[in-house]
Structure formats: structure tokens, C-alpha cells
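Report on the structure given below.
All values reported here derive from a predicted model rather than from experimental measurement. Computed from heavy atoms alone, side chains included, the values below leave out hydrogens, waters and symmetry copies. In the text below, chain A, chain B and the rest are named by the order of the sequence lines, each starting its count at 1.
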Amino acid sequence: MNDECNLPVDIPVTKKQIENCIFSHWYGKFKGHTPRAEIIKPLPISFIKYLEQDGIKLPMDKMENSYYNQDLELTVDNDYSDWEDAKDERDDDKHSTDGNESTIDPLSAFPELHEQLKKVIGKFKSVMPKLNWSAPKDATWILPNNSMRCSEVNDVYLLLNASNYIMYDLHHAFEECIAEEGGNHAGSVEYELILREWFNINPALEFRVFIRDGMILGVSQRDLNYYDYLATLKEKLKGSIKKFVYEVLLPRIQDQAIVVDLYIPRAFDKVWLIDMNPFSRRTDSLMFGWNELHNTHRVDGSDFELRLMTEHNIGRFATKEHSEHHVPTDILEASLNTETLRELTSKWKELLSLQEDEES
Amino acid sequence: MSDLQKQELNTLVNGDMTEEQSIEQVQEEVADEVKPRKTVTFTGVDEAESEEERKQREFEEGGGLPEQPSNPDFTKLNPLSPEIINRQATINIGTIGHVAHGKSTVVRAISGVQTVRFKDELERNITIKLGYANAKIYKCEEPTCPEPDCYRSFKSDKEVFPKCERPGCPGRYKLVRHVSFVDCPGHDILMSTMLSGAAVMDAALLLIAGNESCPQPQTSEHLAAIEIMKLKHVIILQNKVDLMREEPAMEHQKSILKFIRGTIADGAPIVPISAQLKYNIDAVNEFIVKTIPVPPRDFMASPRLIVIRSFDVNKPGSEIEDLKGGVAGGSILNGVFKLSDEIEIRPGIVTKDEQGKIQCKPIFSSIVSLFAEHNDLKFAVPGGLIGVGTKVDPTLCRADRLVGQVVGAKGHLPSIYTDIEINYFLLRRLLGVKTDGQKQAKVRKLEPNEVLMVNIGSTATGARVVAVKADMARLQLTSPACTEINEKIALSRRIEKHWRLIGWATIKKGTTLEPIA
């Protein structure tokens with residue numbers, strides 16, 4: 001079809017490989033080499049259900065001074081009238097609403113976990129949450145300042161509930177695995193919640209390292225903006241990465257094919273392990289192609305490439321990162337599937353005319 | 001290399017080359033300036049000149065990229081002024097069509113820009129991001145140069161007067177348009193068009209594969225997309241004509257004509273092309289110039305930009321005086337941004353006090369650099385995507401932290417709202433013939449205390465339902481937002497592990513936040 005299309009080569013991944021990337025499976029081996037975090041496991045089943053249920057409900061915890069629990073102030077400015085009667089309407093509704101019988105409330109469903117979360121946040125002041133593999137990067141829009149920084153328990157609930165990446169962990173983590181002896185897919189995985197002490201990471205200094213056969217195939221900068229100073233640091237960074245991978249990382253893990261994310265802040269010699277990802281197509285290959293990585297072969301000790309952006313990345317300005325998750329699925333589908341687009345358009349027009357009728 | 005005359009013109013100072021000057025005048029001046037060096041230029045140019053040197057020489061001969069004036073009279077400028085289009089795109093064109101029908105190849109053929117970076121398309125998942133690319137469209141000034149061959153397009157950083165590439169033509173090209181292609185419909189564009197009710201694009205290219213029958217199943221849907229995006233000016237490209245004989249190609253064109261009769265695309269020109277072989281791209285350029293009207297833009301309006309990207313380009317540990325500040329990128333909705341303009345970014349930094357009360361501190365700064373693709377600017381107008389270098393504390397710009405914020409002139413930004421009262425309408429059922437959970441298809445009423453997703457303009461935020469009364473509701477925004485009364489917003493609820501559209505609303509009232517200094 002096109003001059004540049006190659007069929008993607010199959011890069012098989014086993015369930016074991018994916019399990020090896022679960023946070024708690026590697027965190028303990030890298031104390032002092034990875035930022036501080038608390039692992040909370042096992043998680044009560046009601047917590048997973050809470051994340052999966054329709055709608056998002058935050059607990060009305062009277063012990064917390066939360067922004068999300070406050071009543072609106074009626075002021076001259078907003079001109080709101082007192083809607084006491086609205087509350088009655090709501091109570092009446094309670095009996096008639098269909099299918100809303102069992103909303104899970106953290107306060108009654110998993111009070112211990114709720115308290116534990118509060119305690120960890122109190123200890124670290126602010127945290128970045130994640131599940132076994134993924135962080136809710138796609139849901140930062142729901143918090144102020146567009147970041148994953150949570151300073152109260154409700155921030156954590158909001159981020160996790162709003163995230164499609166978290167749902168991926170819960171439902172699709174093993175989707176691409178090849179069949180194995182005695183391997184059965186879901187069910188056996190134990191979910192965990194990680195609260196990592198929040199720190200202001202500089203994404204320019206994050207690198208993704210592709211490793212196979214116990215050797216570095218290549219390294220890509222992780223945040224694909226152009227940072228001109230990285231070129232001058234190239235050799236130093238490569239040296240630090242090499243030293244870390246061969247002396248610290250590989251001796252402590254069994255997997256010889258893995259993709260790791262490293263953070264190398266100034267003075268560029270201390271390397272922090274941020275994350276482990278399976279050597280598989282579902283891991284973003286960033287400035288490499290998976291075909292390319294697949295076809296890269298290194299002999300012992302040979303040099304690897306650290307790939308950096310060499311000019312201002314024009315394409316980056318075209319879209320917001322993770323923006324597919326900033327609109328309802330219906331809109332995303334409509335942009336890809338014209339059938340849905342047609343339906344969306346007609347429904348939209350219908351609503352518009354409804355409103356116009358009302359206003360006229 | 002027979003034409004020795006051209007070799008004389010090896011340098012050109014980046015002078016003020018105004019549009020009025022004819023090519024001849026320019027050439028004369030240039031010739032004057034370089035005469036003393038003539039002999040040097042002559043020796044062995046043919047052999048010794050590297051590809052890079054040749055490009056550089058041609059770039060300079062063609063007038064390079066003249067600097068923008070520092071303080072132009074914006075009342076006298078329009079989206080076709082050379083001062084602007086020399087360096088920046090001013091017309092946004094959506095490309096609509098099936099990926100397999102060669103959408104990215106078309107954009108590549110016109111712009112000369114590789115739109116898909118690093119990877120082949122098959123490696124990416126379904127949300128292939130074709131991204132966007134700018135293109136300059138030129139017309140040869142030589143009157144004898146025939147249409148459409150006299151039209152030619154190049155990359156955004158091409159010099160302003162390149163030599164005509166038609167064999168034997170002595171003319172030079174004059175820049176007539178600078179356009180920005182955007183992959184459409186695209187979820188972002190779809191959402192903001194539906195909410196604002198106004199077109200985000202100025203025109204559209206609709207791609208139809210010539211080697212498939214018309215109407216193709218998708219084509220009518222693509223017309224629907226054009227309609228929903230309110231695009232009035234459409235050019236239809238009948239692609240892959242290289243794979244057809246003339247007669248069937250004509251037949252196919254007739255069927256397209258018949259098909260678009262009475263639709264929004266009625267009367268649109270149909271251009272047979274082969275994007276792969278770059279056949280008839282000249283004609284596409286000609287139609288872009290002749291049929292797409294120059295969009296009206298008010299350069300005197302207060303400038304406004306919504307941030308799509310933000311990052312920190314500083315080397316860690318830089319001294320304060322060496323700091324470059326943070327960079328924010330996005331599209332300008334209105335007005336003009338100039339170097340050293342005092343700007344404000346809202347809502348700015350959001351903090352919570354002891355009681356959990358929210359506070360906003362808008363960011364005040366000034367503009368230190370502006371760029372469009374690889375071109376530096378002294379001022380930027382609506383069109384394409386613009387990068388803005390600021391003096392903002394770089395750590396605030398890291399990791400896209402400013403995404404969704406509004407940049408404008410100090411003191412001229414919309415209010416920041418923490419809670420809003422809306423008049424809302426819910427869908428009766430979810431869209432689509434939904435998957436397994438049939439019972440979920442019905443949309444439930446809004447419930448007090450549930451948290452929804454609201455899309456306001458091109459940004460998303462969370463909203464807790466505080467009270468509901470008939471078709472009115474009060475929402476507390478989880479993250480304060482810049483908006484205005486009567487703005488339309490979309491409401492979505494988490495259903496079956498996805499955000500699903502449940503309705504829409506109009507903002508009627510709200511509590512604004514007095515920013516803290």
C-alpha cells in the first residue's frame with residue numbers, strides 16, 4: 001500500500017514477563033535506586049469494584065477538610081438562590097431511580113483502606129498513585145494544575161476513577177500474552193495500589209532503555225520535546241545508563257528482555273529507576289520502531305544508540321498528550337468511525353433544537 | 001549548468017524586500033551587491049559546490065526569509081500580507097478522508113513534510129496521529145508560465161522567491177498563500193466545533209479514492225463530517241488516478257458530481273490527482289488559491305491562545321540569568337501576540353488552603369520568543385500552531401502542566417469559575433448500538449454528589465453535582481476553569497468503564513474566583 005510500510009513483526013510476550021513488571025515484584029530489589037513509595041496490597045475487592053462502578057462518587061468524610069465536600073456559597077456574585085426544595089426532590093427521586101441500588105462508598109465499603117491512604121498521604125505530604133503497572137496519566141485533567149500530584153485522599157479517588165489507563169490494568173493487562181503451560185489469564189493477578197512520594201520530575205531527563213538478551217539495544221529520550229542541552233550530555237548520560245543497567249539492574253532481575261524508564265537528574269551520574277515495562281509492542285517504543293528494535297542485534301560490549309530529538313518537534317504541538325481520554329468515548333469513536341459520527345450529529349442537533357424550543 | 005547568469009547571484013542580504021518590488025528589481029540589486037565577488041564565485045562552482053551549499057545559495061538567491069518588521073501597523077495587515085505569510089500559516093485546512101486512501105501522502109505531497117514521524121503507520125494503533133504540516137503555496141510571476149504548472153508548494157521555511165521549477169521558465173515564484181493542514185475530523189476539533197458551533201477550520205480537502213466506486217460507503221459520512229464541522233469551502237481530490245485509465249476516471253468523476261449534488265459539497269471542484277506520483281498537485285494548489293476565500297481575522301482583537309503543550313527547555317542547574325523560561329504552544333484564537341508583550345496565563349497556579357478552599361494565582365510574564373514550525377517570529381497571528389517562549393518559571397511549564405490554560409494580554413482574560421449553574425439536557429439513551437450491558441443504555445438522571453466530566457471549549461475538567469432541580473443543576477468544578485456565561489459544555493459520565501456522553505448544558509451563572517496576587 002505504501003512505500004514505507006513494513007508488516008509488524010511479532011514480538012511475543014509471556015504472562016511471566018508482564019508479571020515481572022508489577023511494581024511490587026521489582027521495587028524491593030532496588031531500594032535506594034528508586035523513589036520512595038508505599039505498596040498497598042492486597043486490595044479489598046470492594047475497592048476494585050469502586051473503581052469499576054458507573055459514575056464517580058467521593059466519600060463524604062467529615063474528618064477531612066476537603067474541597068470536594070464543601071457546599072457552594074450563595075453570594076451576590078453568583079446570584080444563586082437557595083434550592084432547599086431541590087434537596088427534597090432528590091430525596092423523592094431516591095425511591096424511583098432505576099438500577100442505582102448499590103453504590104459503593106469508601107467509608108462503608110473499605111474504611112481501613114481509606115484511613116490507610118490518608119495516613120500515607122499524611123506521611124509523604126503529596127503522592128502520585130498507580131496500580132500494578134500504570135499511572136493515571138490520562139486523567140490529570142480532573143485535578144487542578146494538570147498533574148498527578150495528590151494531596152488528599154479524594155484526589156487519589158478522582159484520578160483513579162477517571163482514568164482509562166487504570167482500567168487497562170484491571171482488564172487488559174494480559175491481553176497480548178502468548179499461551180503458556182498452565183497459564184490461565186485473568187483471576188490470578190493480585191492488584192496493588194502504589195503511592196509514590198511526589199517529586200517534581202523534569203521529564204527532559206527521563207530515558208527509556210530497551211534491553212534484550214541482557215544487552216542494551218537502544219535508549220530513547222522519553223519526553224519527545226527538543227532539549228538542546230541533552231546533546232552535550234550524551235556521553236555522560238550513556239555512561240551512567242550503561243553502568244546502571246549492567247551493574248545494578250540486570251544482576252537483580254531474571255528477565256533479560258525488558259524496557260526500563262530511568263531518571264537521571266543533575267549531576268547526571270545518579271540513576272533512578274522509575275518503571276519497568278514488558279518488552280512488547282504495547283510498550284511505546286518512542287523514537288525507535290518495534291521492527292527496528294527487533295532487528296537490532298548487539299554483540300557483547302558493543303555500543304548502543306541514545307536517540308535524542310535534534311530539532312524542535314513540530315508534530316508535538318498538533319495534539320495534547322493523552323487527549324483521546326479528555327473527551328467522551330463517543331466523540332473519539334465518531335472521529336474514527338463515520339457511522340457513529342452521523343448518529344452523534346443527529347442527536348446533537350436534536351438536543352440543540354430542544355433547547356431552542358425552550359428558550360423561545 | 002548552462003545558465004551562468006544565475007551563478008552571479010550568490011548572496012542576498014536579508015533586506016526589506018517588499019511585495020511591490022518586482023523580481024527584476026531584486027535581481028538587479030542583488031547583482032550589484034555581489035559583483036565584487038564574482039570571480040570567486042565562478043571558480044569551479046559546478047564541481048566543488050556541495051548539495052548543502054547549493055541549497056543555501058538558492059535560498060539566499062531567492063530572498064531567504066526576510067525578518068518581520070518589529071512594529072507593523074496591524075490595521076494594515078491581513079492574512080495574505082507578505083510580512084505574515086513569509087513565516088507563518090494563516091489559513092487552516094482540514095484533510096478529510098480514509099487513511100487508506102492516502103491522506104498522509106496527500107499532505108506530504110503538498111507540504112513536503114513528513115507527517116508521520118519515527119515509525120511506519122502500521123506500527124501505530126488506531127488513533128494514528130497524522131499530525132499537521134504547513135505549506136507555502138507559490139505562483140510563478142512569469143506571465144507566460146501556464147496554469148496550473150505555475151503553482152507550486154513547498155515547506156514552511158522555503159525562501160520567499162524561489163526559481164520556477166518548470167523547465168525553461170526564467171521566472172521566480174511569488175508566495176501567495178501559507179496554509180496549515182490539520183487531520184480531520186479529530187476528536188479535539190469535533191468536540192470544540194460542537195460546543196462552539198463555529199468552524200475551527202477555514203476549508204477542507206476531501207479525499208476520495210479514484211480506484212474505488214463512488215459513492216464509497218465512507219464518503220457520505222465524510223460529507224457529514226464536513227457538515228458538522230461547518231466547513232463551507234471544500235475541494236474534492238480524486239486520488240489514485242494513476243491506477244485508472246482516462247475513461248473510467250471521467251466516469252468516476254461524474255459519479256462524484258452526481259453524488260455531491262444537493263449536499264454541502266455541491267459545487268466543489270474535483271481535482272484528479274496521484275499523491276503517490278505527485279501528479280496534478282499544482283492544480284490542487286491552484287484551487288486552494290482560487291476557491292478558498294481569505295478568512296476574516298481581527299488582528300486588533302485582544303489576543304488569546306489555548307495551551308496544547310508546555311515544557312521546560314532549560315538545562316538543569318542553569319544560572320538565573322541564563323534561564324530561558326518555559327515554552328507553551330497552541331493555536332491563537334484571536335488577535336496578535338508580539339515579542340515582549342506582557343501576558344497573563346489563567347487560571348494559573350491552583351492551591352488549596354487549610355480549609356480546603358481553592359485559590360488561583362494567575363501567571364504574569366512576557367513573551368521572549370515566538371515560532372511557527374521552524375520559523376522565528378516577531379509577531380504571531382491566528383493560523384497553524386504557535387510556540388510561545390515566556391519568562392514563566394520553567395518548572396511550572398514542565399510536563400504539559402499548563403495544558404488547557406488560557407494565555408492573553410494582561411488583564412484581558414475571561415473569569416475563572418469554581419462552580420457553575422447550568423441549564424442541561426440529557427440524552428435519553430447512550431449513543432451507539434451499545435455492546436453487552438443493554439440495561440445501561442438508558443441515561444439516568446443527574447445525581448447529587450456524582451462527579452462528571454465536563455468539556456468546556458477545548459478543555460476538560462471534573463464537576464461534582466451539588467444540586468439538581470428540574471433542568472437546572474449546580475456543579476462544582478474539580479479544577480477551576482476559564483469560561484463565560486452562556487458557553488455550551490458537554491456532560492459525560494463514567495459508564496461501563498468509559499467516559500460516555502450523556503448530555504450537554506449551557507452555563508447560566510457561576511461563582512468567579514478573585515485571583516490572588
Can you tell which of A/Y68, A/F268, A/Y80 has the highest number of heavy-atom pairs within less than 4.5 Å of chain B? A/Y80
Looking at A/N161, A/I166, A/L170, A/T140, which has the largest count of heavy-atom pairs under 4.5 Å with chain B? A/N161
Heavy-atom distance under 4.5 Å to chain A: side chain of B/N314, backbone, both or neither? backbone
With chain B, which of A/M60, A/Q53, A/E152 has the greatest number of heavy-atom pairs at distances under 4.5 Å? A/M60
Side chain from CB out, backbone as N, CA, C, O: work out which of these in B/S331 comes under 4.5 Å of a heavy atom of chain A, or both, or neither. neither
Measuring from A/H312:NE2 to B/H374:NE2, what's the distance to the nearest 0.5 Å? 7.0 Å
Please state whether the side chain, the backbone, both or neither of B/D312 comes within less than 4.5 Å of a heavy atom of chain A. both
Taking it one step at a time, do B/R474 and A/L72 satisfy side-chain contact (heavy atoms from CB on, under 4.5 Å)? CA-CA 9 Å; B/R474 278 182 198 146; A/L72 300 185; 3.9 Å; yes
Engaged part of B/F371 at the chain A interface, taking heavy atoms whose separation is under 4.5 Å: side chain
Is a side-chain donor or acceptor of B/E496 paired with a backbone partner of A/E52 at a separation under 3.5 angstrom? no
Test item: A/T329 side-chain N/O and B/W499 main-chain N/O as donor-acceptor pair under 3.5 Å: yes
Looking only at A/E64, A/E321, A/R307, most heavy-atom pairs under 4.5 Å shared with chain B are made by A/E321
Heavy-atom distance under 4.5 Å to chain B: side chain of A/I331, backbone, both or neither? both
Do A/L344 and B/L501 pass the side-chain contact (heavy atoms from CB on, under 4.5 Å) test, and can you show the C-alpha distance, the side-chain angles, and the key distance before you say yes or no? CA-CA 10 Å; A/L344 176 70; B/L501 185 70; 3.8 Å; yes
Check each atom of A/A334 against the heavy atoms of chain B and say whether the ones under 4.5 Å are side chain, backbone, both or neither. both
Of the backbone (N, CA, C, O) and the side chain (C-beta and beyond), which part of A/Y229 lies under 4.5 Å from a heavy atom of chain B, both, or neither? side chain
In Å and rounded to the nearest 0.5 Å, what is the OG to NE2 distance from B/S492 to A/H326? 13.0 Å
Measure B/R401 against the heavy atoms of chain A and call it side chain, backbone, both or neither at under 4.5 Å. both
For the side chain of B/N455 and the backbone of A/V327, is there at least one donor-acceptor N/O pair under 3.5 Å apart? no
Residue among A/T232, A/L233, A/N200, A/D228 with most heavy-atom pairs under 4.5 Å to chain B: A/N200
Need one label for B/I386: side chain, backbone, both or neither, based on atoms under 4.5 Å from any heavy atom in chain A. backbone
Rounded to the nearest 0.5 Å, how far apart are CE of B/M453 and CH2 of A/W141? 3.5 Å
Measuring heavy-atom distances to chain B, does A/S81 have an atom under 4.5 Å in its side chain, in its backbone, in both, or in neither? both
Let me know if B/S180 has heavy atoms under 4.5 Å from chain A in its side chain, its backbone, both or neither. neither
Under 4.0 Å between a side-chain nitrogen and a carboxylate oxygen: does that hold for A/E73 and B/K357? yes
Going by atom types only, do A/N154 and B/R464 share a side-chain donor-acceptor pair under 3.5 Å? no
I'd like to know if A/D155 pairs up with B/K352 as an ion pair, taking the criterion as any Lys NZ or Arg NE/NH1/NH2 lying under 4.0 Å from an Asp or Glu carboxylate oxygen. yes
Gap separating the OG atom of A/S335 from the CG atom of B/L190, nearest 0.5 angstrom: 6.5 Å
Validation row: A/E333, B/H187 side chains within 4.5 angstrom (heavy atoms): no
Please test B/T418 against A/Y67 for side-chain contact (heavy atoms from CB on, under 4.5 Å), starting from the C-alpha separation and ending with a verdict. CA-CA 11 Å; B/T418 52; A/Y67 168 65; 4.1 Å; yes
Rounded to the nearest 0.5 Å, what's the gap from CG on A/D79 to NZ on B/K508? Could you check? 13.0 Å
Part of B/Q405 within contact of chain A (heavy atom distance under 4.5 Å): neither
Heavy-atom contact with chain B under 4.5 Å, split by part of A/H171: side chain
Any donor and acceptor pair, going by atom type alone, linking the side chain of B/D400 with main-chain N or O of A/K320 inside 3.5 Å? no
Of the listed A/L205, A/L341, A/T345, A/N225, the one with the largest count of heavy-atom pairs under 4.5 Å with chain B is A/N225
Side chain, backbone, both or neither: which part of A/S163 has a heavy atom under 4.5 Å from chain B? backbone
Using distance alone, with no hydrogens and no angle criterion, decide if B/T511 and A/D77 have a side-chain donor and acceptor under 3.5 Å apart. no
Should the pair A/D54-B/R494 be classified as a salt bridge under the 4.0 Å nitrogen-to-oxygen rule? no
Separation of A/L158 CG from B/S479 OG (nearest 0.5 Å): 10.5 Å
Below 4.5 Å from any heavy atom of chain A, which atoms of B/L426 appear? Answer side chain, backbone, both or neither. backbone
Derivation and outcome, side-chain contact (heavy atoms from CB on, under 4.5 Å), residues B/W504 and A/K347: CA-CA 11 Å; B/W504 88 343; A/K347 279 282 180 268; over 6 Å; no
Between the main-chain N or O of B/L402 and the side-chain N or O of A/N146, is there a donor-acceptor pair closer than 3.5 Å? no
Bottom line for A/A139: the part with an atom under 4.5 Å from chain B's heavy atoms is neither
For the residue pair A/P328 and B/M191, establish whether any side-chain heavy-atom pair is separated by less than 4.5 Å. yes
Using non-hydrogen atoms only, which part of B/A505 is less than 4.5 Å away from chain A: side chain, backbone, both, or neither? neither
Under 4.5 Å to a heavy atom of chain A? For B/D419 that would be both
